[in-house]
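Structure first, commentary second.
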Amino acid sequence: MTRYFFDLDLSGERTGDEVGTDCENDEAARDEATAFIAEFARDFLPRNGDRASICVDVRTSERPLLQVRLEFAIASTSK
Amino acid sequence: MAHLEKRRALAAFFNRLEQRDEVSDDEKNVLVEAAGSFKLYPARTDMVREGDRLDVSTLIVQGWAARYRVTRSGERQTSCFHIAGDFIDLHAFPLKVMDHSIEAVSDCKVLEFPHRALREITERQPHLTRMLWLMTLLDGAIHRQWITAMGRLTAAKHMAHLLCEMFVRCEVAGVTDGNSFEFPVTQQGLADALGLSIVHTNRCVQELRRSGLISWEGSRVEILYLEELKRFAEFDATFLNFVREPR
């Protein structure tokens with residue numbers, strides 16, 4: 001088990017993960033980040049207007065690992 | 001001697017009953033006499049497995065347990081936590097075959113009630129029978145709250161709702177310490193209860209901590225502002241039926 005940190009960036013507003021979560025390996029950390037961003041979007045998007053980005057930076061205490069990003073936009077298609 | 005020990009072990013359960021109605025000394029004695037033997041389960045072992053056909057029902061004397069099911073892909077969903085004084089599988093008596101499993105979350109001490117003795121109670125003690133029936137209805141009420149919170153509240157509110165529920169229930173069971181209670185659940189166990197990833201679960205804990213409503217160190221949760229936490233969680237204790245009236 002390695003401790004991974006999942007820092008959140010919401011349309012430029014950053015909340016660092018101070019505690020971290022233990023994951024088996026990098027792949028498990030990637031799966032966790034993916035599940036997290038999908039769950040988080042369910043709460044966040046309906047409350048935050050027509051445009052938003054959710055970004056999760058995954059790192060260990062020694063190295064950055066990957067970034068998961070979700071871009072959201074509502075555009076009118078009526079004339 | 002055994003009678004006294006069982007009576008003491010049932011104190012939290014009697015307290016639960018007496019929060020909802022008067023229970024006579026005779027009725028308490030009937031319950032003590034119906035109790036079979038004590039059993040210990042180490043943390044993270046199953047007490048009951050889905051598909052089991054049991055001839056006893058289990059009452060928690062000490063510790064925490066979780067009622068859960070597992071999907072085919074191996075993902076677990078907990079549907080209720082149980083604490084001291086909870087008759088966790090009274091269901092097994094009329095259900096016959098268990099449709100879910102129960103795991104000891106911490107080390108658990110339980111008291112087993114043979115179904116034969118429960119059957120006798122249902123035949124001779126109409127009021128006590130209604131009280132036992134009420135206990136399973138409360139389990140159903142808790143499930144309804146969990147479904148609503150899971151389906152309609154944000155993750156942070158959902159977690160806050162669970163903390164309010166467990167604090168209030170622990171208080172009645174007499175296992176709180178001021179504004180604190182021992183919540184012996186693992187990160188994974190908490191995520192399984194909320195239906196969330198562990199990362200999201202941890203983030204909710206951090207969010208509630210940052211808001212100043214709770215502190216959470218190891219397995220000890222302290223509710224710093226209960227009324228504010230309840231308001232945030234949209235928590236209303238009505239579903240726990242803390243009204244003492246004839247049932």
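In what follows, chains carry the letters A, B, and so on, assigned in the order in which the sequence lines appear, proteins first and then strands, with residues in each chain numbered from 1.
Heavy-atom neighbours of chain A within the stretch residues 62-72 of chain B, taken at a separation under 4.5 angstrom, are nonexistent. Contact annotation for residues 51-74 of chain A against chain B (heavy-atom separation below 4.5 Å): no residues qualify. Heavy-atom neighbours of chain A within the stretch residues 150-164 of chain B, taken at a separation under 4.5 angstrom, comprise Met150(B), Gly151(B), Arg152(B), Leu153(B), Thr154(B), Ala155(B). For residues 205-228 of chain B, the interface with chain A (any heavy-atom pair closer than 4.5 Å) comprises Gln206(B), Arg209(B), Arg210(B), sorted by residue number.
Crowding of Arg244(B) atom CZ: a count of heavy atoms from other residues, nucleotides or ligands under 6.0 Å exceeding 12. Counting heavy-atom neighbours within 6.0 Å of Lys96(B) NZ, excluding the residue itself, gives a total above 12. Under a cut-off of 6.0 angstrom, the local environment of CD in Glu13(A) is sparse, with at most 12 non-hydrogen atoms contributed by other residues, nucleotides or ligands.
To the nearest 0.5 Å, atom CG of residue Leu196(B) and atom CG of residue Asp43(A) are 8.0 Å apart. To the nearest 0.5 angstrom, Ile37(A) atom CD1 is 11.0 Å from His200(B) atom NE2.
One side chain, Glu39(A) or Ser197(B), offers a donor N or O that lies under 3.5 Å from an acceptor on the other.
Arg203(B) has its side chain out of reach of Asp17(A): every pair of non-hydrogen atoms, C-beta onward, lies at least 4.5 Å apart.
Contacts between Leu8(A) and chain B at a heavy-atom distance below 4.5 Å involve the side chain alone, from C-beta outward. For chain B, the nearby parts of Phe40(A) are the backbone and the side chain; heavy atoms of each come within less than 4.5 Å.
Proximity of a side-chain donor or acceptor of Glu32(A) to a complementary backbone N or O of Ile198(B) within less than 3.5 Å is detected.
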